[in-house]
Q: 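Got a structure for you, written out below as structure tokens; questions coming shortly.
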Amino acid sequence: MRLLSRERRALGGTILRSTFLVVWLLVTLFPIYWMVVTSFKPHQEWFAWPPHWIPHHFTWNNYEEVLAVGAGGTGSKTTQLSGAQQVLTAVLPIRDSLIISVSSSTIALVLAAFLAYAISRYGTGGRNYLYSLLMVRMMPPIVLAVPLLAYFTLPWWRHYLHDSYLGLIIPYVLTTLPYAVWMMHSFIEEIPRELENAARMMGAGRVYMMRKIVLPLIGPGLAVTFIFTFILNWSEFLLAYSLAGHKLITVTVQLSQYQAADVGRLYGPQAAFGTIAIIPLVALGLAIQRHLVTGFSFGMIRR
Amino acid sequence: MAKIELEKLSKDFGRFRAVDGVDLEIQDGEFMVFVGPSGCGKTTTLNMIAGFERPSAGAVRIGGRVVNDMEPGERDLGMVFQSLALFPHMTVFDNIAFGLRVKKTGEGEVRARVQAVTATMKIAPLLSKRPGQLSGGEAQRVALARTVVNNPSAFLMDEPLSSLDAKLRVEMRTELKRLHTTLGSTFIYVTHDQAEAMTMADRIAVMKDGRVQQVGEPLDIYNDPVNMFVAGFFGVPSMNFIHGRLEARGGSLAFASASLLCPLDGKGARPDLAGRAVNLGVRPENIRIVEGGDAGSGAVNLIEPLGDETLVHIESGGNVPLITKVESTHHVRPGEKVSFEFKRGQVVLFDAGTQDRIRL
């Protein structure tokens, strides 16, 4: 009898947990579903009430609009009015966001791997260095945005730093580096020091050991850290909006421009663009899925 | 081939002195075992020989050269680690070939030498596997092969058998000993297991609190310990200690405790020792249960049959029961009253204060 009641309680727990997870999944997936559905709706259906759960008149128009290259040349990504409809070209923001996110994530990753190795193996910076690093992240980005804007627009380097790739890559590397160092540090700590000692004993120098032992073993960690910093950079808005936004428009800034006084509320194109914008993240996630699993479960591997 | 000398070797970690003035000479081709409880400084000493720790004071000499400032890889040593430290992302072949490739050996020679060593170690079928696919014993052999293939002048081993189950550990013990005989190299082996030390060593260095307590051949250490720590560390079950006092009895000395009286035979009478508080040590196999035994008597309170022998715990009035080892054919029952004697010349005395050996 007692056993039965215990089993029943365990079953109850499972049901409760599963229900909670299903509800939570619905809550998180709903906006993505709604965005994708809206991207295939003609403008009459954007505001329809009761809402159309699936488009009644399926259309690719929104995608054509956001992906069309403006007749006035490719330099301007803003607006061209054609009647009541507005054509926004989104190819360039995606390209620019890719360039900025990939370069800053790569730079941050390389720096973080070396920094984290130094902290882990040589105690660089002392015992609390990691925590001090994380403190950097507690500063709100807006505090960084205004002074950086002031510096970047100084006449000597304004040309290189204002509204430019470099002008965003630098602050992106700086803001993601603490996270990247933290993540890489935990992966490097997982590598038993005895492995490195064994290699040293056999005469391997630091560089050889890094190449043959450390780098292959932190591969999954590098992949996970890269995708993490990439997501942070890809979805960054505040710095992209304040330090660039005229010549250089990132995906997030572009997304904000579908709703403005001069263009109205372009839900369809916005949804289409949003759908396109998450493709790199999903693709990256799928590409390194195997590493993601290894990466996130790294600490659980039996040694 | 190399003689390894440690001269007043010390290592401090902050204010903690892990190794304290160790002087030791390890002869060329010798199998030396460092043994002691955890935290005794044996691994730190090994790490200083290997080059992973820099001595705070003193010197390490290998083949006559001071190597304090040399990188581990320059010392011509091989090491087998407690975790074995096989590279998990490489095949067995690549693991074994690692050291040769570091030294830029030609790939043809690498292949030949790896194959030669794996043939001797009987691990040839494993070459394409990864460490994760190996059993404990196989991984052990691969780790050994990885060290042997580099032909170092001395082998350092840090509890390499501790992860194996008991049966395999005994097998590997034999195998290591055989390997030592074949190679004729110097072996330094660290363990906390006194049985490993006893069975494998040419000589044992017993360590405690960063200091070497005694260095000697296994049986010398077992039979002739210099202090209570060494006496108690070797032997299973460990030596019985009985607290008491020395008394003068008709020209010679006797040991007396609350319930025991044991005449002691010494070469010369030492009347100066009479009245001294001492601990008498006697190994379980040196206590005989006999009719009318002169050392004392007591009730049997526990019996542990081991198969070939039986351990009998006798409640004889001390703080802890005396443990004796008797033939399994010797039948006693719990609760039975027995008397016992100590084998002549097989008891040792330790000062109750310093715990150092008192020799008569």
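Numbered from 1 within each chain, the chains take letters A, B, ... in sequence-line order. Basis for what follows: all heavy atoms, side chains included, without hydrogens, waters or symmetry-related copies.
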Q: On a heavy-atom basis, which atom in B:His89 and which in A:Lys212 lie closest, and how many Å separate them?
A: NE2-O, 2.7 Å
Q: Is the shortest heavy-atom distance from the side chain of B:Leu156 to the side chain of A:Met201 under 4.5 Å?
A: yes
Q: So what's closer than 4.5 Å to chain A heavy atoms on B:Arg75: side chain, backbone, both or neither?
A: neither
Q: If you count heavy atoms of other groups shown closer than 6.0 angstrom to NZ of B:Lys103, is the number above 12?
A: yes
Q: Is the CE atom of A:Met135 crowded by more than 12 outside heavy atoms at less than 6.0 Å?
A: no
Q: Taking every heavy-atom pair that is under 4.5 Å apart, which of B:Leu84, B:Asn47, B:Leu77 has the most such pairs with chain A?
A: B:Leu77
Q: Looking at A:Phe114, I want to see if its CZ is surrounded by more than 12 non-hydrogen atoms of other residues, nucleotides or ligands under 6.0 Å.
A: no
Q: Please report the shortest heavy-atom distance between B:Pro88 and A:Leu195, naming the atom on each side.
A: CD-CD1, 3.8 Å
Q: For B:Gly51 and A:Arg200, work out which heavy atoms get closest and say how close.
A: O-NH2, 4.2 Å
Q: Just wondering, are more than 12 heavy atoms of other shown residues or ligands nearer than 6.0 Å to OH in A:Tyr129?
A: no
Q: Is the CZ atom of A:Arg206 crowded by more than 12 outside heavy atoms at less than 6.0 Å?
A: yes
Q: Roughly how far, to the nearest 0.5 Å, is CD1 of B:Ile96 from CE of A:Met202?
A: 10.5 Å
Q: Where does B:Glu74 contact chain A at under 4.5 Å (heavy atoms): side chain, backbone, both or neither?
A: neither
Q: Do A:Arg193 and B:Phe81 come close enough that some side-chain heavy atom pair is under 4.5 Å?
A: no
Q: On a heavy-atom basis, which atom in B:Ala85 and which in A:Glu194 lie closest, and how many Å separate them?
A: CB-O, 3.6 Å
